[in-house]
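Single-structure report; data block below.
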Amino acid sequence: MLSELNKLNQEIISCRKCERLVAWREEVARVKRKAYKDQEYWGKPVPGFGDSNARVLIVGLAPGAHGSNRTGRAFTGDASGGFLYPALYRAGFANQPSAESRNDGLILKDLYIAASARCVPPDNKPTPEELNNCQPYLERELEILKPKVIVCLGRIAFERVLKMYSIRNSKIKFAHGALYKLNPEHWLLCSYHPSQQNTLTGKLTVKMFDEIWTTAKELIQDE
Ligand code: SF4
């Protein structure tokens with residue numbers, strides 16, 4: 001499994017399918033944010049990260065311009081990760097609460113992080129075509145990992161997962177904490193995305209987020 005994921009991640013890193021996103025990720029990496037002007041930005045697609053035996057798969061939106069597009073690892077080096085990793089640590093999915101660089105010693109246990117798009121999009125908005133271009137990578141991660149629980153962070157990730165499973169049921173709606181059985185083997189658990197837009201406004205609180213990871217734990221323990 002590990003070698004299959006490594007092979008897939010090499011493919012992801014060298015992908016240039018979306019012209020607009022290739023130009024944007026490289027532009028952000030060239031211009032940089034003032035605070036990081038002395039750092040070399042990753043500026044490439046951000047591969048999946050985590051435990052190759054994971055039973056829980058996170059599907060996020062896309063890399064942050066000065067977070068994972070800078071550091072090269074999912075949710076690393078920005079405020080979203082600063083909210084996500086402490087929660088994963090409290091739930092026992094991570095060995096430490098902080099995520100600053102690819103070499104910071106962070107190890108995930110029973111959890112893997114993927115995304116709907118692997119390249120940073122302008123205004124955090126990938127187009128439907130870009131999401132379609134990137135979907136095969138997520139499909140392959142699902143094939144390799146066969147996770148029991150998929151946690152989608154935000155509506156775009158939720159809609160992408162429904163599309164992948166060809167689910168068109170108007171009763172299945174995105175809501176924080178909503179839980180659906182995708183098929184006999186897979187659960188889909190919905191959460192608001194831990195972006196600052198949600199966490200600073202109180203739309204997503206620490207307690208609400210902790211409840212997501214407690215539920216994910218219970219679902220894998222119930223096996
Ligand atoms: S978003 Fe996905 S498909 Fe598009 S260039 Fe990046 S890795 Fe490739």
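All ligand and atom numbering here is 1-based and tracks the order in the structure.
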task: At a cut-off of 2.8 Å, list the protein N/O/S atoms near atom 2 (Fe) of ligand 1, residue plus atom name.
output: Cys134 SG

- prompt: Mind checking whether Tyr85 and Phe49 have parallel, tilted or perpendicular rings, split at 30° and 60°?
  reply: perpendicular

field: Parallel, tilted or perpendicular: ring planes of Tyr192 versus Phe174, cut at 30 and 60 degrees
entry: tilted

task: Tell me whether the centres of the aromatic rings in His193 and Phe75 are closer together than 6.0 Å.
output: yes

- prompt: Would you find more than 12 non-hydrogen atoms of other residues, nucleotides or ligands less than 6.0 Å from Gln197 atom CD?
  reply: no

- request: Indicate yes or no for a side-chain donor-acceptor contact from Thr215 to the backbone of Trp213 under 3.5 Å, with no hydrogens or angles considered.
  value: no

task: Not counting sequence neighbours, which residues clear side-chain contact (heavy atoms from CB on, under 4.5 Å) with Gln196? List them please.
output: Ala79, Thr199, Leu200

